[in-house]
Amino acid sequence: MSVFWAICRQHAVLAWRGGHTTLAVAFLFIGVTLMPFGLGPELALLQALAPGLLWVVLIMALLTSLDRLFQADYEDGSLDQMMLMPLPLEFVVLAKLLGHYIALVLPLLLAVPLAGLLLNLAPAHLPMLLLAMLAGSPALVLLGGIGASLAVSVRRGGLLTVLLSLPFYVPVMIFGAGASRQALAGEVDETRLAILLLISLASLLAAPVAIAAALRNAVR
Amino acid sequence: MAKPQKNFLPNAYPDPAHLRLEGLACSRGARQLFEGISQTLAPGEALALYGANGSGKTSLLRQIAGFLPVEVGTISFGDTRPPRVHFIGHADGLKNPLRVGETLAFDAALWGAPKNAIDLLPLLGLDNRGWQTVGDLSAGQRRRLALAKLCLAPRPVWLLDEPMTALDAAGQHLIDTLAGAHLAAGGILVASSHVPLGFATQTLTLGAAS
């Protein structure tokens, strides 16, 4: 178990020192700051669009970091070492994904309330929005990992990673933004939240296996 | 100069392995790299792989490590299942943003080793480098640091791809010392090289037949 946490911690430390956390959070804020300029300063319109916009910038910010998930390990030989660690590759992968979640998604979620203010979201709307993001974001990292692992042996595979992950993201986006919109009406959308959790749990089971298989293929 | 340290490797591996290669062949794309490789290593034996660039030394090591699928022939490790193998290749798996000391601490945790990893610095000839960033190390110093996991997690099978590359005389002596202790403990070792390896008990030259 300590091996699991060591892998998780190392990945988080490297994401932080490599500046990926800062880049993703900056990306989120830049996106949100630009929105009012593009959409006009109508506060009611901004608030109506805010949940969807926040989901879009969250996913875009996360996509900027996906190609670093396994690419650096492939290039510097760490992937070879991951195959030999005293932990099944599936769990090594899971540990790295958890590290990625801690180093990137959690800071992004912390930034969402502030970003929401810029889009005229009331504090009352935030709990439901964050709940939906908490339920859906594990799936974003897990499913994005599948795209990243398939593109790992491709040089400059960042674009391929994004293209491969995008179809997986559509259901999360639909239910996540849907549940968040209900927050504006002051309702708790239990059905959509349950579906988001289901997607996250299903990805938790399937993604590490799929990613490990893709990585084994990549070290040949 | 590194002072010789005691007990950086176990006196005897609890799970010694044999290595038997039978009729092994490998091709990459349409090119046949080698075929009909048969070799047996008992505990305490080391095999040196020689051969020109592109003759398949790395591919053979990666087959033994289990990275490359074996399509023709067999590789078996005796009773050791799953084989506990260390592989050190050209890509050293070191992370440039980490400091040397951090790298050792992470290595110890990643390989499930309870040892105080920082104690390895003098052995590796990296005394007083603990605070240096890995990205600032020279090629030879990186090689030395990559060797740390051999001591941190004792494993009976070592696969070293051109271990002498970029190392100075003291570094090459370090490899000899580590290999000597490993073999004395009943480990087995397969290393590719372009320079003669003193510790090898068997040699295999790839690409000689074709």
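Residue numbering restarts at 1 for every chain, and letters A, B, ... go by the order of the sequence lines. Quantities reported herein were computed from a predicted structural model and do not represent experimental measurements.
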Check your understanding: To the nearest 0.5 Å, how far apart are CD1 in A/Ile199 and CG in A/Leu142?
Key -> 12.0 Å
Point to revise | Among A/Val13, A/Leu79, A/Leu14, residue most engaged with chain B (heavy-atom pairs, under 4.5 Å) | key: A/Leu14
Review point. Crowded around A/Phe29 CZ? As in, over 12 foreign heavy atoms under 6.0 Å?
Key: yes
Review point. Does any heavy atom of chain B fall under 4.5 Å from the side chain of A/Asn217, the backbone, both, or neither of them?
Key: neither
Review point. Of the backbone (N, CA, C, O) and the side chain (C-beta and beyond), which part of A/Val92 lies under 4.5 Å from a heavy atom of chain B, both, or neither?
Key: neither
Review point. Is chain A contacted by the side chain of B/Leu94, its backbone, both, or neither, given a heavy-atom distance below 4.5 Å?
Key: backbone
Practice item. Would you mind checking which part of A/Arg220 comes under 4.5 Å of any heavy atom in chain B, side chain (CB onward), backbone (N, CA, C, O), both or neither? Key: both
Practice item. Mark yes when over 12 heavy atoms from residues, nucleotides or ligands other than B/Arg20 sit less than 6.0 Å from its CZ; otherwise mark no. Key: no
Point to revise | Interface moiety of B/Glu102 toward chain A, non-hydrogen atoms closer than 4.5 Å | key: side chain
Study note, to complete from the structure: Residues at least two apart in sequence or cross-chain that pass ring-ring contact (aromatic ring centres under 6.0 Å, His included) with B/Phe67, listed by chain then number, are B/Phe87
**Study point:** B/Arg143: salt bridge (Lys or Arg N to Asp or Glu O under 4.0 Å) partners, not counting sequence neighbours
**Key:** none
Exercise for review: Mind ranking A/Ser78, A/Ala95, A/Gly18, A/Ala72 by heavy-atom pairs under 4.5 Å with chain B and telling me who comes out on top?
Suggested key: A/Ser78
Exercise for review: Look up atom CD1 in B/Ile37 and atom CD1 in B/Ile64, then write down how far apart they are to the nearest 0.5 Å.
Suggested key: 9.5 Å
